[in-house]
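The first residue in the sequence is number 1, and the count goes up from there.
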Amino acid sequence: MGGHRTYGLLVAIGLLTAACGGGTNTEAAVAEAVTTTTVDTSTTTVVETTTTTEAPTTTTTAPTTTTTTVPQRCTPADPDTESVWFLPEWVPGDTHLYVIETERRRPDGGFEGTASTRAVLEVISRDADGVELLWDLGTTDLTQVGIPPSLAAQVRDALRDLPEQRVGYRLDENRVFDKITNREEILTAMDQTFDVLVGFFADVDPETAEVFEQSRDLLDNDAVVLGAADEVSLIHSFEAFELEVGERVVFDEPIPDLFGTDTLEAVSEIGIVELVDAAGCVSVEYRQTPTPESFLTFIQSVMAFTGDGETPDELEDVDTSEWSIEYISTGQWDVETEQFMSVELRTELTIDGEQGGDSTRLVLLDW
């Protein structure tokens with residue numbers, strides 16, 4: 001199953017740091033560097049948001065009834081359908097246009113905002129050994145909450161300098177993610193991204209600029225390169241699954257820890273939610289619930305990797321009894337075109353009473 005969990009980890013680090021009484025800006029910046037290196041954008045627009053406070057007023061309005069019509073995106077499945085096989089056709093030479101929508105939520109006062117990126121997927125080849133795909137990521141519109149107008153202008157200029165990003169990879173014969181096919185191209189774009197970030201923070205926050213400079217060593221790690229495909233590979237979240245209508249499958253599914261040697265112990269549940277939803281699509285859901293203890297181990301390994309090899313003191317002897325972590329993937333499948341109209345991954349975190357999370361959604365535009 002494809003999916004991106006890196007930002008969910010960053011959210012968790014922010015929540016945990018707040019719960020432990022602060023932590024250092026350096027640790028947060030290093031964790032941010034892990035995800036910032038995978039920014040996929042050629043032209044970026046920053047939308048400033050302004051909050052205006054006005055005197056309260058009282059208005060009495062007669063009750064109204066609003067009817068919302070959901071666009072029919074899919075051809076409804078036959079009501080007698082007993083099972084659905086989620087296997088896209090992927091025809092070599094075909095291209096598909098998507099929009100990638102992301103939302104980041106950190107109640108500890110960190111980054112909050114949304115982003116929207118247009119992306120073109122090209123099917124490079126398909127044979128008995130698998131499928132090769134290439135994503136060309138284009139314009140990103142970014143809404144950053146809480147940026148002062150003076151800084152927003154600087155952020156806008158810096159983001160325009162970020163390099164274009166293409167992400168290529170193969171799925172094996174079982175439609176499981178196999179490998180990145182344009183590693184050197186991705187590494188070059190990441191290195192150029194570090195140049196932009198270091199240059200920007202050199203004027204705004206020299207200490208953070210130094211952290212980014214030191215973090216270039218992360219580029220030697222395969223986990224960071226694989227992270228470039230995290231968001232786009234969401235489209236394969238349910239690929240090759242065959243599910244019976246009305247049945248949910250529950251199973252143990254360890255999640256690999258790319259930054260360490262351990263795995264996250266997790267229980268997974270997958271099933272068809274609706275054979276025909278409001279948009280006419282087959283609605284499917286995949287939930288992964290790691291144990292809090294293994295999730296803490298995951299955080300510790302990432303912090304050790306991005307630091308000096310040692311786990312920060314505030315991450316030792318942490319009580320995880322009030323932790324809750326869940327990855328929830330949902331998809332809308334069209335039985336006629338045999339394509340996913342949309343796939344979304346949400347990360348829901350609760351750490352010591354503080355909630356956070358993020359979501360990434362891929363929507364097919366040219367169906």
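Taking each heavy atom of R361 and V363 in turn, the nearest pair found is NH1-CG2, 3.4 Å. Nearest heavy atoms, S237 versus V343: OG-CG1, 3.8 Å. Across every non-hydrogen atom of N174 and D172, the tightest pair is N-OD1, 2.8 Å. Of all non-hydrogen atoms in V84 and L275, the two that sit nearest each other are CG2-CD1, 4.2 Å. Closest of all the heavy-atom pairs between V167 and A228 is CG2-O, 3.6 Å. Shown here for F238 and S329, the closest heavy-atom pair between the two residues is CZ-O, 3.6 Å.
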Checklist entry - Between F295 and W323, is a side chain to side chain contact (heavy atoms under 4.5 Å, CB included) present by the stated rule, with each step listed? => result CA-CA 9 Å; F295 193 71; W323 286 28; 4.1 Å; yes
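For D178, the side chain to side chain donor-acceptor pair (under 3.5 Å) criterion is met by no residue, not counting sequence neighbours. The ring-ring contact (aromatic ring centres under 6.0 Å, His included) test applied to F201 returns F212, not counting sequence neighbours. In this structure, the side chain to side chain donor-acceptor pair (under 3.5 Å) partners of N182, at least two apart in sequence or on a different chain, are E185. Remark: E338 pairs with no residue by the side chain to side chain donor-acceptor pair (under 3.5 Å) rule, at least two apart or across chains. Judged as a salt bridge (charged side-chain N to carboxylate O under 4.0 Å, His left out), and not counting sequence neighbours, the contacts of E213 are R216. Partners of D205 by side chain to side chain donor-acceptor pair (under 3.5 Å), not counting sequence neighbours, listed by chain and number: T208.
Connectivity analysis of hydrophobic side chains (ILVMFWY, heavy atoms under 4.5 Å, direct or indirect) links V250 to V267. Alongside V91, the hydrophobic cluster contains no other residue (criterion: ILVMFWY side chains under 4.5 Å).
Ring geometry for H96 against W90 counts as perpendicular: the plane angle is over 60°, on a 0 to 90° scale with 30° as the lower cut.
Ring to ring, Y327 and Y286 are not that close: their centroids are 6.0 angstrom or more apart.
Residue pairs that meet the salt bridge (charged side-chain N to carboxylate O under 4.0 Å, His left out) test with at least one member in residues 287-303, sequence neighbours left out, are E285-R287, R287-E326. For residues 274-283, the side-chain hydrogen bond (donor to acceptor under 3.5 Å, both in side chains) pairs, not counting sequence neighbours, are D277-Q332. A salt bridge (charged side-chain N to carboxylate O under 4.0 Å, His left out) check over residues 233-245, counting only residues at least two apart or in different chains, returns the pairs R175-E239.
The shortest side-chain heavy-atom distance between I325 and T289 does not fall under the 4.5 Å cut-off.
Distance alone, capped at 3.5 Å, is enough to place a donor-acceptor pair between the R73 side chain and the L364 backbone. Side-chain atoms of T181 come within 3.5 Å of backbone N or O of G168 as a donor-acceptor pair.
Sparse packing is recorded around CD of E265, with 12 or fewer heavy atoms of other residues, nucleotides or ligands lying under 6.0 Å away. For E336, the CD atom sits in a loose shell: 12 or fewer heavy atoms of surrounding residues, nucleotides or ligands are nearer than 6.0 Å.
Side-chain N/O atoms of T297 and S294 include no donor and acceptor closer than 3.5 Å. With no hydrogens or angles considered, no side-chain donor-acceptor pair links D191 and T188 at under 3.5 Å.
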Show me the donor-acceptor pairs, under 3.5 Å and distance only, between side chains in residues 126-137 and residues at least two apart or in other chains.
unit_1	atom_1	unit_2	atom_2	d
R126	NH1	E89	O	2.4
R126	NH1	E89	OE2	3.1
D127	OD1	D129	N	2.8
D127	OD1	G130	N	3.2
W135	NE1	Y169	OH	2.9

